[in-house]
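Presented below is the structure to which this report refers.
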There are 2 protein chains.
Amino acid sequence: MDGGNRRMKTPKISEAVVRRLPIYLRFLNELNVKNVHTVSSQDLGQKLDLNPAQIRKDLAYFGEFGKKGIGYDVGYLIEKIRQILKLDKLIPVALVGTGNLGRALSNYNAYMHDNMKIVAVFDADERKIGGSLNNLTVQPMRELGEAIRKHQVRIGIITVPAAEAQNVANQFVEAGVEGILNFAPIIIKVPLTVRVHHADLTAELQSLAYYLEK
Amino acid sequence: MDGGNRRMKTPKISEAVVRRLPIYLRFLNELNVKNVHTVSSQDLGQKLDLNPAQIRKDLAYFGEFGKKGIGYDVGYLIEKIRQILKLDKLIPVALVGTGNLGRALSNYNAYMHDNMKIVAVFDADERKIGGSLNNLTVQPMRELGEAIRKHQVRIGIITVPAAEAQNVANQFVEAGVEGILNFAPIIIKVPLTVRVHHADLTAELQSLAYYLEK
DNA sequence: TAGATTGTTAATCGATTAACAATC
DNA sequence: TAGATTGTTAATCGATTAACAATC
């Protein structure tokens, strides 16, 4: 289902593991800012509400980054996780949909995500086109393909209404995007070669309701 | 770790199951709008990229909602899932942080989430106070406790910078909120009686990078 | 009746946690 | 050396999927 084992550099990393790496990275960056140079799986587990054994196991999938009896060097581990997540080189990102959510994300992005950079923004609404968003000019949808190829965009973000999301996804795929982060409340269909993550804010909120008393 | 088995109405429902219920609900609502009256686990699985057996099993935790040989009645299943998720009665929600993300969510909310309603919004920035957000007036933080009690707010949404998130969470907890949806990129600590969901947009995006080729 | 599809049990698969030898 | 902590194996736990009797 994976289409053959690429380079077999890593055996078979589960999604759960990959999703925890950014969490580790973020906390390590905090430690780094505070000039903390060493951290144990114990410390990490405590702060992140995770089992220390799990953290060690997660990291061990990718190499031996720690020192027995000591722990992990913060700077070194940051470097390694950034490599694993491919955040050690610039990843150009495009965004479609310049509503509140789109604007929120491009601000977020402007200073938060090391090496992921929104390089083009699009909107289907003629009135929004030509407007400015975080130093970028909002472009019409018809320019999407060309702009994506020109900037070598690898990841697309969808912040449009559900009814338009599949259409936008198709255009992203057509233009050669490798990954999509979809905020529209709908399951979009793409070829197996394209990875989709679904940030489902409504589902997040509704599932929270389940845990209310009575 | 759960503090005893409450009413034992349901045996022990996993988080994974609960997170899928809103997905089912949303698609069922779409069918309902299209006047589709019956749906099979097969159909659902196809549209939602899930195994039909899993869908049947998920639903079976809560009762026998289908008819053998026929499938599920769309309207009836909607009603049942809404009950399970406690969306059959109004759930008042408060939001702290009226930046782009906060504004995006309150718009979203205004028309999307059946029976979850943002009834109060707050900001720490004096300049934002008194402003209007989706028919609500932005209130200062000092009014949070009183407003939450007055409106019987049960869920709090945090859309403030990481540095302030724990503080806001504390105030939510203090005021008696039962669940928190946290958008700040930090793990917040709350008593076990309060449920926290973490919508980690940065992590979502960064983990996507892992799946890029090369 | 024949065909379809549920609810549920059993089988499989995968992820988390515990335990501990290795070693800094 | 004694204490601490990793990397890793084994044990446990939990979730997904397959299979099928029941039945509409």
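These figures come from a predicted structure and were not determined experimentally. Values reported hereafter were calculated over all heavy atoms of this structure, with side chains retained and with hydrogens, waters and symmetry mates removed. All chains are named by letter (A, B, ...) in the order of the sequence lines, taking the proteins before the strands, and each is independently numbered beginning at 1.
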Could you work out which one of D:dG7, D:dT17, D:dT16 sits closest to the side chain of B:Asn51? D:dT17

Check A:Val194 against A:Val177 and note the closest heavy-atom contact, atom names and distance. CG2-O, 3.7 Å

Need the pair for C:dA11. Rule: Watson-Crick or G-U wobble, both distances under 3.5 Å, any strand; none if unpaired. D:dT16

Looking only at the side chain of A:Ser40 (C-beta and beyond, no hydrogens), which of the listed nucleotides D:dG7, C:dC24, D:dT5 gets closest? D:dT5

Name the nucleic acid region contacted by B:Glu64, choosing base, sugar-phosphate or nothing; use a 4.0 angstrom heavy-atom cut-off, strictly under. sugar-phosphate

Out of C:dA18, C:dC24, C:dT5, which nucleotide sits closest to the side chain of B:Lys68? C:dT5

Nearest to the side chain of B:Lys57, which nucleotide is it out of C:dA10, C:dC24, D:dT9? C:dA10

Exactly one of A:Asp123, A:Asp125, A:Asn134, A:Thr159 should register a side chain to side chain donor-acceptor pair (under 3.5 Å) with A:Thr98. Which one does? A:Asp123

Can you check whether B:Tyr72 has a side-chain N or O nearer than 4.0 Å to OP1 or OP2 of C:dG7? yes

Please confirm whether the shortest side-chain N or O distance from A:Ser41 to OP1 or OP2 of D:dT5 is below 4.0 Å. no

Which whole-number value in Å describes the distance from B:Asp43 CG to C:dA4 P? 13 Å

Euclidean distance, atom CD1 of residue A:Ile13 to atom P of C:dA15 [Å, nearest integer]: 10 Å

In this structure, how many angstroms lie between the P atom of C:dA15 and the CG atom of A:Leu50, rounded? 15 Å

Phosphate contact (D:dG14 OP1 or OP2) by B:Ser14 side-chain N/O below 4.0 Å: no

Using whole Å, what does the distance between atom C1' of nucleotide C:dT6 and atom CG of B:Leu44 come to? 13 Å

In the strands shown, is D:dT6 matched to any nucleotide by a Watson-Crick or G-U wobble pair with both distances under 3.5 Å, and which? C:dA21

Separation of B:Gln54 atom CD from C:dT6 atom P, in whole Å? 14 Å

Would you indicate whether the side-chain heavy atoms of A:Asn107 and B:Leu101 approach each other to under 4.5 Å? no

Looking at B:Glu15 and B:Arg195, is there a salt bridge between them, counting it only when a charged N and a carboxylate O are closer than 4.0 Å? yes

Between C1' on D:dG7 and CD1 on A:Ile70, what's the gap in Å once rounded to a whole number? 15 Å

Which nucleotide in the set D:dA19, D:dT16, D:dC24 lies at the smallest distance from any side-chain heavy atom of B:Ala53? D:dA19

Separation of C:dG3 P from B:Gln42 CD (nearest whole Å): 17 Å

Within the structure, does a side-chain N or O atom of B:Arg56 lie under 4.0 Å from either OP1 or OP2 of C:dG7? no

Taking atom C1' of C:dT6 as reference, at what distance in whole Å does atom CG of B:Leu59 sit? 11 Å

Between A:Lys189 and B:Asp49, does any NZ, NE, NH1 or NH2 come within less than 4.0 Å of an OD or OE carboxylate oxygen? yes

